[in-house]
Amino acid sequence: MSKDQSSFFNDVYDVVRLIPEGRVTSYGAIAKYLSIGRAARMVGWAMNAAHGQDPPVPAQRVVNRNGLLTGKHHFESPYTMQELLESEGIKIENDQIINFKNHFWDPNTELTL
DNA sequence: AAGGTGACAGTTT
DNA sequence: TAAACTGCCACCT
């Protein structure tokens with residue numbers, strides 16, 4: 001990944017960076033916001049390249065629809081994601097966000113419409 | 001150029 | 001009820 005100016009990746013990063021601190025969202029919500037419909041997989045794929053991005057992308061705030069930290073393994077350390085979220089006031093147990101729905105932040109609802 | 005991949009989601013068996 | 005399958009779309013080899 002050298003010169004990925006792909007609007008898609010950049011767009012995903014932009015949305016993720018808009019996630020307020022202490023909030024989390026799902027891949028599907030981002031996908032829908034990007035008009036890619038159910039291609040939530042692509043969001044995850046985009047996050048795969050989110051490492052080393054500047055400004056940094058709070059990928060820890062992006063989890064699957066179950067509130068499960070599926071991508072924790074992609075961080076520097078499997079515990080990094082959880083620690084970051086806990087640092088923002090989000091409680092996590094067994095890699096799952098507690099009261100996920102309460103912390104859920106939907107770009108379609110919070111940003112647009 | 002074609003096929004395979006991927007940090008998901010929704011539907012059906 | 002839980003488990004399995006398919007659909008999704010862009011990126012990579």
Side-chain angles (χ1 to χ4, degrees):
Chain A
M1 318 298 191
S2 302
K3 46 133 185 118
D4 50 318
Q5 293 292 327
S6 304
S7 43
F8 178 74
F9 276 38
N10 209 296
D11 207 9
V12 175
Y13 301 150
D14 188 35
V15 177
V16 175
R17 286 189 288 237
L18 288 174
I19 302 174
E21 199 170 290
R23 297 279 187 176
V24 289
T25 189
S26 65
Y27 301 94
I30 297 172
K32 187 172 185 176
Y33 180 77
L34 296 178
S35 302
I36 56 179
R38 298 157 189 160
R41 304 173 139 207
M42 273 283 63
V43 179
W45 183 254
M47 304 310 306
N48 195 10
H51 291 284
Q53 289 299 321
D54 179 54
V57 180
Q60 70 274 12
R61 294 178 188 154
V62 184
V63 296
N64 67 355
R65 196 191 164 318
N66 295 311
L68 192 69
L69 281 59
T70 52
K72 67 170 188 175
H73 200 277
H74 288 256
F75 279 74
E76 304 172 39
S77 201
Y79 301 95
T80 306
M81 189 172 187
Q82 181 171 337
E83 288 186 19
L84 286 170
L85 289 172
E86 287 181 337
S87 181
E88 296 183 0
I90 298 176
K91 302 292 165 49
I92 301 173
E93 185 173 306
N94 195 12
D95 297 334
Q96 184 175 340
I97 296 175
I98 297 178
N99 203 355
F100 170 64
K101 189 173 66 175
N102 188 24
H103 290 294
F104 186 69
W105 179 85
D106 190 341
N108 304 284
T109 303
E110 304 295 335
L111 291 178
T112 316
L113 306 180

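The structure displayed is predicted, hence computed values, not measured ones. Below, chain A is the first sequence line, B the second, and so on; all start at residue 1. We use all heavy atoms of the structure for the numbers below, so side chains are in, but hydrogens, waters and symmetry mates are not.
Using a 4.5 Å cut-off between side-chain heavy atoms of Ile, Leu, Val, Met, Phe, Trp and Tyr, A:Y79 forms no hydrophobic cluster with any other residue.
The two residues A:M81 and A:V62 come nearest to each other via the heavy atoms CE-O, 3.4 Å.
Distance A:N48 CG to B:dC8 P: 11 Å, rounded to the nearest Å. Per the geometry, CG belonging to A:L34 stands 12 Å off C1' belonging to C:dA10, to the nearest Å. We find that CD1 of A:I30 is positioned 12 Å from P of B:dC8, with the value rounded to whole Å. Rounded to whole Å, the distance from CE on A:M42 to C1' on B:dT5 is 9 Å. When the C1' atom of B:dA7 is taken as reference, atom CD of A:Q60 falls 13 Å away, rounded to whole Å. Rounded to whole Å, the distance from OH on A:Y13 to P on C:dC11 is 10 Å. One can place CD1 of A:I36 at 18 Å from P of B:dG6, the figure rounded to the nearest angstrom.
Taking the salt bridge (Lys or Arg N to Asp or Glu O under 4.0 Å) definition, one finds that A:E86 meets it with nothing, sequence neighbours left out. Judged as a side chain to side chain contact (heavy atoms under 4.5 Å, CB included), and not counting sequence neighbours, the contacts of A:E21 are A:R61, A:E88. Checked against salt bridge (Lys or Arg N to Asp or Glu O under 4.0 Å), A:K72 has the following partners two or more places apart in sequence or in another chain: A:D95.
Residue A:A59 is classed as a base contact, given a heavy-atom separation below 4.0 Å to a base.
Taking the side chain of A:A39 as heavy atoms from C-beta on, and the options C:dC11, C:dC8, B:dA7, the nearest nucleotide is C:dC8.
For the atom pair CD (A:Q82) and CG (A:N94), the distance works out to 9.0 Å, reported to the nearest 0.5 Å.
Around the NE2 atom of A:H73, the shell of radius 6.0 Å holds no more than 12 heavy atoms that belong to other residues, nucleotides or ligands.
In the hydrophobic clustering of this structure, A:I98 does not group with A:L69; members are Ile, Leu, Val, Met, Phe, Trp, Tyr whose side-chain heavy atoms approach within less than 4.5 Å, directly or through other members.
A 4.5 Å side-chain heavy-atom check between A:T80 and A:Q60 finds every atom pair outside the cut-off.
The stretch residues 73-104 of chain A comes close to DNA chain B through A:H74, A:F75, each having a heavy atom under 4.0 Å from the strand.
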Output a table of nitrogen or oxygen pairs between the protein and nucleotides 9-13 of chain B separated by less than 3.5 Å.
residue	atom	partner	partner atom	Å
B:dA9	OP1	A:R65	N	3.0
B:dA9	OP2	A:R65	N	2.8
B:dG10	OP2	A:R65	NE	3.3

